[in-house]
*Asks:* 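Sharing a structure here in structure tokens format.
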Amino acid sequence: MAILLVLLLPLLSWPTIVSAEDNTFKPGDEFLIACGARSLDSVPDGRIFKTDHEAQGYLQTKQDILVSVPSADVPSPIYLSARIFKEDATYAFTLKSAGWHWVRLHFFPINNTEFDLRAATFSVNTDKYALLHNFNINNNTEAVLKEYLINMTDPNFSIQFKPLKNSAAFINAIEVVSAPDILISDQATNLFPVNDFAGLNDFGYEVVYRLNMGGPLITSENDTLSRRWVPDKPYLKHEALAKKASVPTSSIKYGPGTSPLIAPATVYASAEQMADSETRIQKFNITWNFVADATFSYVVRLHFCDIVSKSLNDLYFNVYLNGKKAISGLDLSSIEDELAVPYFKDIVVDASLMSNGLAVEVGPMDDETGTRNAILNGLEVFKMSSKVNSLDGVFGVDGEVLEKHKVVTYVGFGLMFGAFIGLGAMVLKWHKRPQDWQKRNSFSSWLLPVHAGDQSFMTSKTSMGSHKTNFYSSTLGLGRFFSLSELQEATNNFDSSEIIGVGGFGNLPREQVNLAEWAMQWKRKGLLEKIIDPLLVGTINPESLKKFAEAAEKCLAEYGVDRPTMGDVLWNLEYALQLQESFSAGKDEDESKISATVADSPAIVPPPDAISTSVAEDNKSSAEAQVIDEHSGTAMFAQFSGLNGRRHKAVLVSTFSPRETVEQLKACSQASIRGKKYNSSETRC
């Protein structure tokens, strides 16, 4: 083993070459693939991309769908072809050098007869990071570049494309290229609270913005590392308050600690400065506004170079990020005791400060010191990977959920699964119904409990007229008791390491506390039956459960636009129910004569006129009856308590059959809820 490690060490530490004289960089790894291309014209920046045939050794897929167009309004010929995946596919690479690497994914929805790529929805993961979650081009007719910077320590690196069911994934071009180590330092400054931030090497990054202030578009043709810098004009809050400044690139003097690899001279040779004001004393700031995802923290890299001053120590200004002072009294000339010397500063902005996006401001100091001016030459904004190693959405590669989003996931996923497993419980009870069920006063008296004994199903502790009405989901790990007040308490404490005050979690293993994570892990492993309550094993149709799980998973999409409409949800539930009914009907053929009487009709419950839905018949108070009536359309959930002195698993409490429950869901999706009219074809989960 020791010999093997010695042999592997050079493989992982093969240096990428940086020339000190001309600051050029030769990457140790350079994988450039024009996906779907049978041939390729020269790329404007001179780099050589492999055709699809030449790159076959990297791809693992069961399909071979290549599409292309002869021409399109795109910046490079790499966007004229694409590979389409209707099933999972993986590109795998063996790296020569460890360290930072660019991962660039190029997308352009070219017209083809295989699939409308504008509607394609898919996820993209690496071995460690979730890069894209339910990504969609959103009818964009322009080329899209997703650029990442990842610190790779393993010689094996892969990129997985995972299309949403009944959709597809596609990719036009892929770049996996070594980046110089000096590009990311391990140290930065935290915006608030103000202190040093260590550990930048432990994150993955997405390049969200890269701007050249006051200067032209910089493409891969004239950037030292094939980067793209766009003009800042679209992001200026008040364009009239800014004025461009520029000097020849030959005027830029890189000093120790700086290099064209950090940013090319073209970035530092231009700047935005304060425009002339009609007032005698200029007291305004130049502001740039950016859209940002508040789920993530960001590294904001500010590029400066004093190309406007005529003498040393004449320009002092402040920098603000989201209204907080990031740099105070910056005098660029004092850093190297010279003008026109590049300088950059990394500031970490926590996700808690990103609720309204990102605002970057520069403005003069309040003191009457030197010329009242402020400048900014360039700006880069890097999204930092979350605690679950995601760069898009709240789910990690292994299904782990970002902590502060767990409450919503618990409730949504738990209730969805609970409803279906509850239907399964009712199926089980129907098959075991007593012969004299039609003579009984209440259908629910024998159908609802899945335990033996004649104890009262509801006690005074679960008063239906109070705000402690209990909702739950019934399955092992998912079947835990939730009260409205407990859910509110859990929500108020969502940023703690565990959700406190949700009944029934206390005796569970940690991996079962996160309901969605636990369930989805089994789903991904193809072992969905593991979440079924032992009492129901063998009574649930696997295909029916799978269909329901898929519907529940879609309802957990982070953004509302990605979630299905209530109409779609109802359609999937009905289909799942049909599968279950057919499954149950087949089992009836082998059961007793009583079960055989309903074998020709797969209905799970007797006709409505034989069912008592009156709460009064179950000796409930009028107040309780009113509350049950209000909630019965979506199936009422309640809690077992005090049965034989021990905790029982939860079961679905409903006075409707599974078929009627679906019908009631239809009605409720269009009912007036809290004064608002909902439409099942438009309302989303």
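What you see is a predicted model; the values in this text were computed from it and never measured.
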*Asks:* Please answer whether the main-chain N or O of P260 pairs with a side-chain N or O of T224 as donor and acceptor at a distance below 3.5 Å.
*Replies:*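 Yes; judged by distance alone, with no hydrogens or angles, the pair exists.
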
*Asks:* Say you draw a straight line from NE2 of H101 to CD of E30; how long is it, rounded to the nearest 0.5 Å?
*Replies:*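 With rounding to 0.5 Å, NE2 (H101) is 10.5 Å from CD (E30).
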
*Asks:* Evaluate the ring planes of H106 and Y79, with Trp represented by its six-membered ring, and classify them as parallel (under 30°), tilted (30 to 60°) or perpendicular (over 60°).
*Replies:*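 Answer is perpendicular, since the angle exceeds 60°.
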
*Asks:* Classify the ring geometry between H303 and F344 as parallel (under 30°), tilted (30 to 60°) or perpendicular (over 60°).
*Replies:*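 Tilted: the ring planes of H303 and F344 meet at 30° to 60°.
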
*Asks:* Look up atom OH in Y298 and atom CG in N322, then write down how far apart they are to the nearest 0.5 Å.
*Replies:*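 Between Y298 OH and N322 CG, I get 11.0 Å after rounding to 0.5 Å.
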
*Asks:* Check for a donor-acceptor pair, side chain of D52 on one end and backbone N or O of A37 on the other, with a separation under 3.5 Å.
*Replies:*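 Not a single qualifying donor-acceptor pair exists.
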
*Asks:* Under the criterion ring pair (Phe, Tyr, Trp, His ring centres under 6.0 Å), I'd like the reasoning laid out for Y91 against F31: C-alpha separation, chi angles, the key distance, then a yes or no.
*Replies:* CA-CA 11 Å; Y91 281 91; F31 301 96; over 10 Å; no

*Asks:* Do any pairs count as a salt bridge (Lys or Arg N to Asp or Glu O under 4.0 Å) and have a residue in residues 255-264, sequence neighbours left out, and if so which ones?
*Replies:*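 Of all non-adjacent pairs touching residues 255-264, none passes salt bridge (Lys or Arg N to Asp or Glu O under 4.0 Å).
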
*Asks:* I'd like to know whether V401 forms a side chain to side chain contact (heavy atoms under 4.5 Å, CB included) with F395, so could you lay out the CA-CA distance, the side-chain angles of the two residues, the decisive distance to 0.1 Å, and finally the verdict.
*Replies:* CA-CA 5 Å; V401 186; F395 293 95; 3.4 Å; yes

*Asks:* Give a yes or no on whether the backbone of L225 and the side-chain of D223 come within a donor-acceptor separation of less than 3.5 Å.
*Replies:*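 Indeed, once roles are kept as given, a pair shorter than 3.5 Å links the two residues.
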
*Asks:* For S68 and L80, indicate whether the former's side chain and the latter's backbone hold a donor-acceptor pair under 3.5 Å.
*Replies:*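 Side chain of S68 to backbone of L80: no pair is present.
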
*Asks:* Count the heavy atoms belonging to other residues, nucleotides or ligands that lie under 6.0 Å from CG of N201, then report whether that count exceeds 12.
*Replies:*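 Check passes, neighbour count above 12.
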
*Asks:* Search all heavy atoms of K128 against all heavy atoms of V397 and return the closest pair with its distance.
*Replies:*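 Of all heavy-atom pairs spanning K128 and V397, the closest is O-CG2, 3.5 Å.
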
*Asks:* Please find the pair of heavy atoms, one from L312 and one from L339, that lie closest to each other, and give the distance.
*Replies:*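 Smallest heavy-atom distance, with atoms named: CD2-CG, 3.9 Å.
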
*Asks:* Just wondering, more than 12 heavy atoms not from D186 lying within 6.0 Å of its CG?
*Replies:*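 For D186, atom CG is crowded (more than 12 foreign heavy atoms under 6.0 Å).
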
*Asks:* Atom CZ of residue position F192 - does it have more than 12 heavy atoms of other residues, nucleotides or ligands inside 6.0 Å?
*Replies:*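 No, CZ of F192 has 12 or fewer neighbouring heavy atoms, counting only those of other groups under 6.0 Å.
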
*Asks:* Determine the minimum heavy-atom distance between D232 and G214, stating which atoms define it.
*Replies:*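 Smallest heavy-atom distance, with atoms named: OD1-N, 3.0 Å.
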
*Asks:* Set out, in order, the CA-CA distance, both residues' side-chain angles and the distance that settles salt bridge (charged side-chain N to carboxylate O under 4.0 Å, His left out) for K253 and E336, then state yes or no.
*Replies:* CA-CA 10 Å; K253 296 164 287 203; E336 294 295 336; over 6 Å; no

*Asks:* At their closest point, which heavy atom of V267 faces which heavy atom of G378, and how far apart are they?
*Replies:*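 The answer is CG1-CA, 4.0 Å.
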
*Asks:* Quick check: do S334 and N313 have side-chain heavy atoms less than 4.5 Å from each other?
*Replies:*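 With C-beta onward as the side chain, the pair touches.
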
*Asks:* Could you tell me whether a side-chain N or O of D293 sits under 3.5 Å from a main-chain N or O of F296, the two making a donor and an acceptor?
*Replies:*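 Here the side-chain-to-backbone pair does not exist.
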
*Asks:* Parallel, tilted or perpendicular: which one describes the rings of F157 and F93, with boundaries at 30° and 60°?
*Replies:*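 F157 and F93: parallel rings.
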
*Asks:* For side chain to side chain contact (heavy atoms under 4.5 Å, CB included), just list the numbers for I150 and W100, CA-CA rounded to whole Å, side-chain angles, deciding distance to a tenth of an Å, and then say yes or no.
*Replies:* CA-CA 5 Å; I150 298 176; W100 292 104; 5.5 Å; no

*Asks:* I'd like to know if the side chain of H133 and the backbone of L131 have a donor-acceptor N/O pair within less than 3.5 Å.
*Replies:*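 Not at all, since once roles are kept as given, no pair shorter than 3.5 Å links the two residues.
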
*Asks:* Output the distance between atom CG (D350) and atom CG (L191), rounded to the nearest 0.5 Å.
*Replies:*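 Going from CG on D350 over to CG on L191, the span is 9.5 Å.
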
*Asks:* Kindly assign one of parallel, tilted or perpendicular to the pair F107 and F122, based on the angle between their ring planes and the thresholds 30° and 60°.
*Replies:*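 It falls in the tilted class, 30° to 60°.
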
*Asks:* Between the side chain of N151 and the main-chain N/O of D202, is any donor-acceptor distance below 3.5 Å?
*Replies:*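 No, because the side chain of N151 does not come within donor-acceptor range (under 3.5 Å) of the backbone of D202.
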
*Asks:* Could you go through the side chain to side chain contact (heavy atoms under 4.5 Å, CB included) check for E147 and R228 one step at a time?
*Replies:* CA-CA 10 Å; E147 184 177 27; R228 180 182 176 89; over 6 Å; no

*Asks:* Distance check, rounded to the nearest 0.5 Å: L241 atom CG versus T287 atom OG1?
*Replies:*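 Answer rounded to 0.5 Å: 8.0 Å.
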
*Asks:* With a sphere of 6.0 Å drawn around CG of N111, does it hold more than 12 non-hydrogen atoms of other residues, nucleotides or ligands?
*Replies:*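 No, the 6.0 Å shell around CG holds no more than 12 heavy atoms from other groups.
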
*Asks:* Counting the benzene-type ring for Trp, do F317 and F304 have ring centres under 6.0 Å apart?
*Replies:*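 Yes; F304 has its ring centre under 6.0 Å from that of F317.
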
*Asks:* Within the distance-only criterion (no hydrogens, no angle test), does the side chain of D127 pair as donor or acceptor with the backbone N or O of S158 below 3.5 angstrom?
*Replies:*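 Yes, the answer is positive, given that a donor and an acceptor are paired below the 3.5 Å cut-off.
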
*Asks:* Do any N or O atoms from the side chain of D29 and from the backbone of V177 form a donor-acceptor pair under 3.5 angstrom?
*Replies:*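 Side chain of D29 to backbone of V177: no pair is present.
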
*Asks:* So, for S328 and N318, which heavy atoms are closest and what is the spacing to 0.1 Å?
*Replies:*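 Heavy atoms only, the tightest pair is CA-OD1, 3.4 Å.
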
*Asks:* How far does CD1 of I171 sit from NZ of K146, to the nearest 0.5 angstrom?
*Replies:*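 Result: 11.5 Å between the selected atoms.
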
*Asks:* What are the two closest non-hydrogen atoms of W288 and L236, and how far apart are they?
*Replies:*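 Result for this residue pair: NE1-CD2, 3.2 Å.
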
*Asks:* Decide yes or no on side chain to side chain contact (heavy atoms under 4.5 Å, CB included) for D45 and T219, but give the supporting numbers first.
*Replies:* CA-CA 8 Å; D45 60 19; T219 67; over 6 Å; no

*Asks:* How long is the gap from NZ on K310 to OG1 on T371, to the nearest 0.5 Å?
*Replies:*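 It is 10.0 Å, given to the nearest 0.5 Å.
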
*Asks:* Donor-acceptor pair, S123 side chain versus N134 backbone, under 3.5 Å?
*Replies:*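 Yes, S123 side chain to N134 backbone: donor-acceptor pair under 3.5 Å.
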
